[in-house]
A.B. asks: 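Here it is, the structure in full.
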Amino acid sequence: MVLFMGKNFVLEKKLFLPVAEPDIGLLEEQYLLEAFRSGWISSLGNYIERFEVEFAEFCGTSYAIAVCNGTAALHLALLAGGIKAGDEVIVPALTFAATAAAVRHCGATPVFVESEPDIGTLDPKSVESAISPKTKAIIAVHLYGHPADMDNILRIARKHNLLVIEDAAEAHGAKYKGRPIGSLGDMAIFSFYGNKIVTTGEGGMVVTNQPEFHERVRFYKDHAMDPKRRYWHPEVGFNYRMTNLQAAIGCAQLKRFDELLSWRKQIVAYYRDEFRDIVEIAFNPSKDWADPVPWMVCCLLPDGTEQEKRDQLMEWLKRADVDSRPYFHLLCDMPPYASCKRIDASGKDLPVARKLSARGINLPILRRLTRKDVTRIRNELEGWIKLQSKI
Ligand SMILES: *Cc1c(COP(=O)(O)O)cnc(C)c1O
């Protein structure tokens, strides 16, 4: 309840814990002001180039191309890879809508595949089952900061001559068998939306080691202008540019990356510790071959938890001023994708992804979150569990 008396209002506001908020501070402010005062507020300027160079270094790739958001980055990567109408692109059913939307933006068709247990990334066996003569590419999503099983996905892709794009929008700085994600596929994309690990407000990046892809992405990003002939456009392009102001914020975020990651890890450690006695609930499960990054606090409710129950818990938490969000819904259940193929090596209707989607919940991950806040969240969750056993 919000009371319209100044004091109470402030108290109520302070109590509310959102799921996420950007961690931006003095360095971001300094770089942003520098960019602003230089007059280079549009999409040319020193910070754009610097952000691209530093981001490529961060991923261990030869090239990085800054763009206006992660969805545009995906669209450009697919265009650069030659994806067009009639092609099929394999994507996980359990991911954010942008992964499949970008495929549609190219006129191509997404084919949805099953998840791996616990981590939810695309299941290589299902990927192999999903390959048809029309398949041209695989988008490997590093879901909630956990890397997909890239070696197996790449092996299948090489065998069938398919393009591999990493959707690393949620996984800045994660590693797969010691190698930075973003450097493993043919291209990778990142998002810098406000709730991502590195943010520029809105923003995105395509990274690659291959000069042809780099050239194609740059070409389509900026109106498909012929690099050798100004104002000559041999194809229809896009305006997917990032501004120098956004890049300035991005440079500051990259400089502070270790800090951004370490508090996130600390928060997940608080959750794990607070919930150590409730063994049915797992937090951010991971494989031993992965160094995941906690984009979100991934709380998996007891196996078999129905979606309806999970949603009731979210209501319960909301009443206690604790924000939460459900795991992604399966994209193939949504109207635009209802007629798309869904492939599961076991011949079922994506039971693993479906169960994960129903029992997964994201809890607050904020720099200002204290151990006490996490204790409070634990108590709320425990109260709900107790209520369940009484019913
Ligand atoms: C956030 C996100 C995107 C797209 O990012 P925008 O910057 O919001 O366009 C793409 N894929 C995944 C998996 C994401 O989480």
Side-chain angles (χ1 to χ4, degrees), residues 19-22 51 55 64-79 83 89-106 110 112-113 115-116 119-122 137-148 150 153 164-174 181-182 184-185 187-207 217 220-221 238-243 246-247 249-250 253 264 284 292-298 325-332 334 336-337 353 356-357 360 362 365:
V19 165
E21 63 194 10
F51 192 32
F55 203 84
I65 308 103
V67 298
C68 57
N69 60 57
T71 311
L74 269 171
H75 188 191
L76 289 169
L78 290 163
L79 285 171
I83 304 304
V89 177
I90 296 170
V91 300
L94 187 65
T95 177
F96 181 55
T99 315
V103 174
R104 277 282 170 78
H105 294 337
C106 299
F112 297 100
V113 296
S115 292
E116 286 209 59
I119 57 172
T121 54
L122 70 182
I138 302 167
I139 304 181
V141 181
H142 305 308
L143 192 71
Y144 296 118
H146 193 293
M150 291 306 292
I153 292 165
V164 175
I165 297 170
E166 295 173 71
D167 182 342
E170 306 175 353
H172 315 66
I181 56 101
L184 307 168
M187 283 174 268
I189 73 94
F190 290 82
S191 165
F192 307 120
Y193 178 62
N195 71 4
K196 300 289 159 88
I197 297 176
V198 171
T199 186
T200 61
E202 294 279 2
M205 193 76 83
V206 183
V207 298
V217 169
Y220 285 120
K221 160 190 161 173
F238 300 84
N239 172 3
Y240 280 165
R241 299 179 302 238
M242 176 186 269
T243 69
Q246 292 166 316
I249 298 174
Q253 290 266 291
R264 279 179 186 275
N284 296 60
V293 286
W295 171 48
M296 289 271 149
V297 168
C298 292
R325 49 177 256 182
Y327 259 40
F328 296 121
H329 303 288
L330 301 199
L331 287 175
C332 50
M334 298 178 199
Y337 308 107
L356 264 177
S357 166
N362 301 120
I365 185 158

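For the single chain, residues carry numbers from 1 onward in sequence order. What you are looking at is a predicted structure, and each value in this text was computed from that prediction instead of being measured. Read the numbers this way: they start at 1 and go in the same order the structure lists the ligands and their atoms.
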A.B. asks: What protein heavy atom is closest to atom 5 (O) of ligand 1, reported as residue, atom name and distance in Å?
C.D. replies: Ser191 OG, 3.2 Å
A.B. asks: Measure the OG1-NE2 distance between Thr121 and His146 for me, rounded to the nearest 0.5 Å.
C.D. replies: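 Taking OG1 in Thr121 and NE2 in His146, the distance rounds to 6.5 Å.
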A.B. asks: For atom 11 (N) of ligand 1, find the nearest protein heavy atom and state the residue, atom name and distance (0.1 Å precision).
C.D. replies: Asp167 OD2, 2.8 Å
A.B. asks: Heavy atoms only: which of Met205, Glu170, Lys196, Glu202 is nearest to atom 13 (C) of ligand 1?
C.D. replies: Glu170
A.B. asks: Should you measure from each heavy atom of Thr95, which atoms of ligand 1 turn up under 4.0 Å away?
C.D. replies: 13 (C)
A.B. asks: Restricting to non-hydrogen atoms, name the atom on Phe112 and the atom on Cys332 that form the minimum distance, rounded to 0.1 Å.
C.D. replies: CD1-CB, 3.6 Å
A.B. asks: Using a 3.5 Å distance criterion without hydrogens, assess whether the side chain of Arg264 forms a donor-acceptor pair with backbone atoms of Trp295.
C.D. replies: yes
A.B. asks: Short question: side chain of Asn69, backbone of Tyr240 - any donor-acceptor pair under 3.5 Å?
C.D. replies: no
A.B. asks: Looking only at heavy atoms, is any part of Leu143 under 4.0 Å from ligand 1, and if so is it the side chain, the backbone, or both, or is it neither?
C.D. replies: neither
A.B. asks: Which of the numbered atoms in ligand 1 are below 4.0 angstrom from a heavy atom of Phe96?
C.D. replies: 2 (C), 3 (C), 12 (C), 13 (C), 14 (C), 15 (O)
A.B. asks: I'd like to check Ile138 versus Ile153 (side-chain heavy atoms, cut-off strictly below 4.5 Å). Are they in contact?
C.D. replies: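 Result yes, sub-4.5 Å side-chain heavy-atom pair found.
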A.B. asks: Of the side chain and backbone of Thr71, name the one, both, or neither that has a heavy atom under 4.0 Å from an atom of ligand 1.
C.D. replies: both
A.B. asks: Mind checking whether Leu74 has an N or O less than 3.5 Å away from an N or O of ligand 1?
C.D. replies: no
A.B. asks: Quiz question: by atom type and distance under 3.5 Å, do the side chains of His142 and Glu166 form a donor-acceptor pair?
C.D. replies: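 The criterion, which ignores hydrogens and geometry beyond distance, is satisfied for Glu166 and His142.
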A.B. asks: Would you confirm whether the ring centroid of His172 sits within less than 6.0 angstrom of the ring centroid of Phe192?
C.D. replies: yes
A.B. asks: In terms of atom number and element, which parts of ligand 1 are under 4.0 angstrom from non-hydrogen atoms of Asn69?
C.D. replies: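 Reading through ligand 1 atom by atom, the close ones are 7 (O), 9 (O).
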